[in-house]
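Here's the structure, in structure tokens; my notes come after.
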2 protein chains.
Amino acid sequence: MRRDIFQAIADPTRRAILVLLAVQAMTPNAIAEHFDIRRQSISKHLRILSECDLLAPRQEGREIFYELKIDKMKEIDIWLDQFRKIMEESFKQLDEVLFTIKNKKK
Amino acid sequence: MRRDIFQAIADPTRRAILVLLAVQAMTPNAIAEHFDIRRQSISKHLRILSECDLLAPRQEGREIFYELKIDKMKEIDIWLDQFRKIMEESFKQLDEVLFTIKNKKK
DNA sequence: TATACGTGCAACCGATCGGCTGCGCAAATT
DNA sequence: AATTTGCGCAGCCGATCGGTTGCACGTATA
């Protein structure tokens, strides 16, 4: 059970579910109507997404509405930040190099 | 062979490789030194990352330096944009609701 | 109360994953 | 010319994935 957010969004069906639920909370049956997959398989996906805190279930009678926990998406953004920072750093170094070359020309 | 970028970054080792290569291009042997994994397994990861255009090999004699293609990372960002937009839209609708309530109070 | 509905869980199964070893090949070194 | 080095590829294997079916259980409806 790896169950981290990156493994969660690796599956195309799960990504599609996230997009669906971004618009509005839905029940497993309602979600399943959008795919060529049995409801039970959708349930499996919902479990995985819930386990890594991307979704939260809200019971209403015998129905369960799953809603997106958008905040969790930030984790992906945070990971991407590493690269933004590293690249920024690279540009700074490039600037220094260019600056040095510029000075040497004098 | 799914070989899309989300499946590529699902594996923790591959994510670590990407971070390593963000700092500087490296050879498979050099990368392997950072993990408890045989070089051949690293090569497999490099192949997957290259196939979905996250890395590019640069041959130098008998050595091959793999370098990060940072631009490809934007694809993840683009996917995240969907949610940013949907949430933004939600807030607008919330604003409208609040505005309506406000007006009704008059 | 009996029946239908909405759901989650368990067990199964073929495909894929992510390690491994054992090559072969080209470049560098001796 | 022989050896070492750096690498990718092929094949193996146990674990996991993502689908399936067949339940069991609580909630609504007749």
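Just so it is clear, the structure is predicted and the values come from calculations on it, not from any experiment.
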[X] [atom1] to [N] [atom2], straight-line distance once rounded to whole Å:
X       : N      : atom1 : atom2 : value
B:Arg3  : C:dA15 : CZ    : C1'   : 14 Å
A:Arg38 : C:dG8  : CZ    : P     : 17 Å
B:Glu51 : C:dT16 : CD    : P     : 14 Å
A:Ile42 : C:dG8  : CD1   : P     : 11 Å

* Among residues two or more places apart or on two chains, list those pairs meeting side chain to side chain donor-acceptor pair (under 3.5 Å) that have a residue in residues 17-30 of chain B. =>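 Sorted pair list comes back empty.
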* To do: Could you name each residue pair satisfying side chain to side chain donor-acceptor pair (under 3.5 Å) that touches residues 54-68 of chain B, not counting sequence neighbours?
  =>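 Matches after skipping sequence neighbours: B:Arg58-B:Glu60, B:Arg58-B:Glu67.
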* 5' priority, DNA chain D, between A:Ile37 and B:Glu63 [closest heavy atom] ->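 Closer to the 5' end of DNA chain D: B:Glu63.
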* Kindly write out the residues that satisfy salt bridge (Lys or Arg N to Asp or Glu O under 4.0 Å) with A:Asp81, not counting sequence neighbours, or none if the list is empty. =>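 A:Asp81 satisfies salt bridge (Lys or Arg N to Asp or Glu O under 4.0 Å) with A:Arg84 once adjacent residues are dropped.
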* Partner residues of A:Lys74 under the salt bridge (Lys or Arg N to Asp or Glu O under 4.0 Å) criterion, sequence neighbours left out ->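 By the salt bridge (Lys or Arg N to Asp or Glu O under 4.0 Å) rule, A:Lys74 matches A:Asp71.
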Which pairs, protein N/O on one side and nucleotides 9-12 of chain C N/O on the other, fall under 3.5 Å?
none

* Tell me whether A:Ile37 is reachable from A:Val19 by hopping between hydrophobic residues (I, L, V, M, F, W, Y) whose side-chain heavy atoms are closer than 4.5 Å. =>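 In one cluster with A:Val19: A:Ile37, yes.
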* Asked: According to a 4.5 Å side-chain heavy-atom criterion applied to Ile, Leu, Val, Met, Phe, Trp and Tyr, with indirect links allowed, do A:Ile48 and A:Met73 form part of one hydrophobic cluster?
  ->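 Different hydrophobic clusters.
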Can you tell me if [X] touches the phosphate of [N], counting only side-chain N or O atoms and a distance under 4.0 Å to OP1 or OP2?
X       : N      : answer
B:His45 : C:dG19 : yes
B:Arg14 : C:dG18 : yes
A:Tyr66 : C:dG8  : yes
B:Ser41 : C:dC20 : yes

* Closest to the A:Asp11 side chain: D:dG8, C:dC17, D:dG18? ->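 It is D:dG18.
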* Asked: Which residue pairs satisfy the salt bridge (Lys or Arg N to Asp or Glu O under 4.0 Å) criterion with at least one member in residues 25-39 of chain B, sequence neighbours excluded?
  ->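 Listed once each, the pairs would be none.
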* Can you name the nearest heavy-atom pair linking B:Pro28 to B:Ile64, along with the distance? ->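 Between these two residues, the closest heavy atoms are CD-O, 3.3 Å.
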* Would you say the side-chain atoms of B:Ser50 pair up with the backbone N or O of B:Leu46, donor to acceptor, closer than 3.5 Å? ->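 Such a contact is found between B:Ser50 side chain and B:Leu46 backbone.
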* Measure from the side-chain N and O atoms of B:Arg15 to the backbone N and O of B:Ala10, and report whether any donor-acceptor pair falls under 3.5 Å. =>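 Yes, because the side chain of B:Arg15 sits within donor-acceptor range (under 3.5 Å) of the backbone of B:Ala10.
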* To do: Please state whether the base of C:dC5 and the side chain of A:Arg62 form at least one donor-acceptor pair under 3.5 Å?
  =>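 Pair found.
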* Asked: Of the residues in residues 52-61 of chain B, which ones touch DNA chain C at a heavy-atom distance under 4.0 Å?
  ->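 Residues of residues 52-61 of chain B that come under 4.0 Å of DNA chain C are, in numerical order, B:Gly61.
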* **Residue pairs passing the ring pair (Phe, Tyr, Trp, His ring centres under 6.0 Å) test where at least one lies in residues 5-48 of chain B, sequence neighbours excluded** =>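 Of all non-adjacent pairs touching residues 5-48 of chain B, those that pass ring pair (Phe, Tyr, Trp, His ring centres under 6.0 Å) are B:Phe6-B:Trp79.
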* To do: Output all residues satisfying side-chain contact (heavy atoms from CB on, under 4.5 Å) with B:Lys72, sequence neighbours left out; order by chain, then residue number.
  =>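 For B:Lys72 the side-chain contact (heavy atoms from CB on, under 4.5 Å) partners, ignoring immediate neighbours, are B:Ile5, B:Asp53, B:Leu54, B:Glu75.
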* **Sub-4.0 Å heavy-atom contacts from residues 21-36 of chain B onto DNA chain D, ordered by number** =>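 Contacts with DNA chain D under 4.0 Å: B:Thr27, B:Pro28, B:Asn29.
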* A:Leu46 near the nucleic acid: base, sugar-phosphate alone, or nothing, with a heavy-atom cut-off under 4.0 Å? ->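 If one applies the 4.0 Å heavy-atom cut-off, A:Leu46 turns out to touch nothing in the nucleic acid.
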